[in-house]
Amino acid sequence: VIPLVLARCGRQADRQLELFVDNLEPAGPQMIDVLISGLPAAEGTKLAHDIAFALGRMGLATVLPLYAAFAAASNDGQRSAYARALGRIGPDAGMALDLLLDRLRQVADDDARATMIDALTEIGLRSPSDLDALRTVFRASSNERVLRAAAAAAGTLRTGALDFLIEEFE
């Protein structure tokens, strides 16, 4: 529904679609596919943020469909949108952590990197071995937003990230 409306009306329909998303969320899990299909079409807009927020509030029921969508995403923008939604779920989206870390190593766009790292921060890293992907980002990017996000994600390991942070900031 969302991609169809955007295709026909363009960004002029954003406000109506935002209201639509707000009304879909209380309908529950049967609306997950409708919301997920709208994310790529709304990529880079406030509507995409609203959809991600709604999916995040639906919680655990959205993890598997979002995981599948993230795995099948064809570009960094789509991966970024799905990652944002997974991050909104928080620690319950932990099953997506390995896939997020793997895709993070491949992302070239700094905005997508920062969004994916923000999702990792919201989900939380499990062990110091998760820091390898962040190390790749630290060495590939000089973007301050990306580096701050990577430091915050590493910080979810608390003292487990100290050696990593000292090494990367030397």
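With rounding to the nearest 0.5 Å, the separation of CG in Leu35 from CG in Leu55 is 5.0 Å. Here CZ of Arg11 is found 13.0 Å from NZ of Lys46. Values are rounded to the nearest 0.5 Å. Put simply, CG on Leu125 and CG on Leu157 are 4.5 Å apart, with the number rounded to the nearest 0.5 Å. Put simply, CD1 on Ile117 and CZ on Arg148 are 13.5 Å apart, with the number rounded to the nearest 0.5 Å. The OG1 atom of Thr115 sits 10.5 Å away from atom CG of Asp110, with the distance rounded to the nearest 0.5 Å. Arg79 CZ to Asp109 CG: the interatomic distance, rounded to the nearest 0.5 Å, is 10.5 Å.
No side-chain heavy atom of Arg105 sits under 4.5 Å from any side-chain heavy atom of Val137. In this structure, the side chains of Leu120 and Leu97 come closer than 4.5 Å at one or more pairs of heavy atoms.
Residues Ala154 and Leu165 share a closest heavy-atom pair of CB-CD2, 4.0 Å. Considering all non-hydrogen atoms of both residues, Leu66 and Ala85 come closest at CD1-CB, 3.6 Å. Heavy atoms only, all atoms of each residue included: Leu134 and Ala153 are closest at CD1-CB, 3.9 Å. Contact record, Pro128 with Gly160: CG-O, 3.9 Å, taken as the closest heavy-atom pair. Across all non-hydrogen atoms, the minimal contact from Leu39 to Ala48 is CD2-O, 3.5 Å. Across every non-hydrogen atom of Val63 and Ala93, the tightest pair is CG2-CA, 3.9 Å.
Environment of CD in Glu144: sparse, with no more than 12 heavy atoms of neighbouring residues, nucleotides or ligands closer than 6.0 Å. No more than 12 heavy atoms of other residues, nucleotides or ligands shown are found within 6.0 angstrom of CG on Asp163.
Under the 4.5 Å side-chain heavy-atom criterion for Ile, Leu, Val, Met, Phe, Trp and Tyr, Ile36 and Leu64 are members of the same hydrophobic cluster. Under the 4.5 Å side-chain contact rule for hydrophobic residues, Leu6 and Leu19 do not share a cluster. Each of Phe53 and Met116 belongs to its own hydrophobic cluster when Ile, Leu, Val, Met, Phe, Trp and Tyr are linked at side-chain heavy-atom distances under 4.5 angstrom. Tracing side-chain contacts under 4.5 Å through hydrophobic residues (I, L, V, M, F, W, Y), one never reaches Leu131 starting from Leu162; they form parts of separate clusters. Taking hydrophobic clusters as Ile, Leu, Val, Met, Phe, Trp and Tyr residues chained together by side-chain heavy-atom distances below 4.5 Å, Leu4 does not share a cluster with Leu24.
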> Under the side chain to side chain contact (heavy atoms under 4.5 Å, CB included) criterion, do Asp118 and Arg145 qualify, and how do the steps go?
Replying inline: CA-CA 10 Å; Asp118 288 343; Arg145 180 174 170 239; 3.9 Å; yes
>> Assess the residue pair Glu167 and Arg135 against the criterion (side chain to side chain contact (heavy atoms under 4.5 Å, CB included)); give the C-alpha distance rounded to whole Å, side-chain angles, the decisive distance to 0.1 Å, and a yes or no.
In response: CA-CA 10 Å; Glu167 179 183 318; Arg135 183 172 283 111; 3.4 Å; yes
>> Using the rule given for side chain to side chain contact (heavy atoms under 4.5 Å, CB included), can you reason through Leu17 versus Ile51, listing the C-alpha separation, both sets of side-chain angles and the distance that settles it, and then say yes or no?
In response: CA-CA 10 Å; Leu17 286 171; Ile51 293 170; over 6 Å; no
>> side chain to side chain contact (heavy atoms under 4.5 Å, CB included) for Phe20 and Val1? Distances and angles first, verdict last.
In response: CA-CA 10 Å; Phe20 177 69; Val1 172; 3.9 Å; yes
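Among residues two or more places apart in sequence or in another chain, the salt bridge (Lys or Arg N to Asp or Glu O under 4.0 Å) test is passed with Asp102 by none. Taking the ring pair (Phe, Tyr, Trp, His ring centres under 6.0 Å) definition, one finds that Tyr67 meets it with nothing, sequence neighbours left out.
The salt bridge (Lys or Arg N to Asp or Glu O under 4.0 Å) analysis of residues 55-74, with sequence neighbours excluded, yields the pairs Glu25-Arg57.
Ionic pairing of Arg126 and Asp98 is present here: one or more N-O contacts between side-chain nitrogen and carboxylate oxygen are shorter than 4.0 angstrom. By the 4.0 Å N-to-carboxylate-O rule, Asp76 lies too far from Arg113 to be salt-bridged with it.
Distance alone, capped at 3.5 Å, places no donor-acceptor pair between the Arg88 side chain and the Ala52 backbone. Between the side chain of Thr156 and the backbone N or O of Ala152 there is no donor-acceptor pair closer than 3.5 Å. Remark: side-chain polar atoms of Ser37 are paired, donor with acceptor, to backbone N or O of Val34 under 3.5 angstrom.
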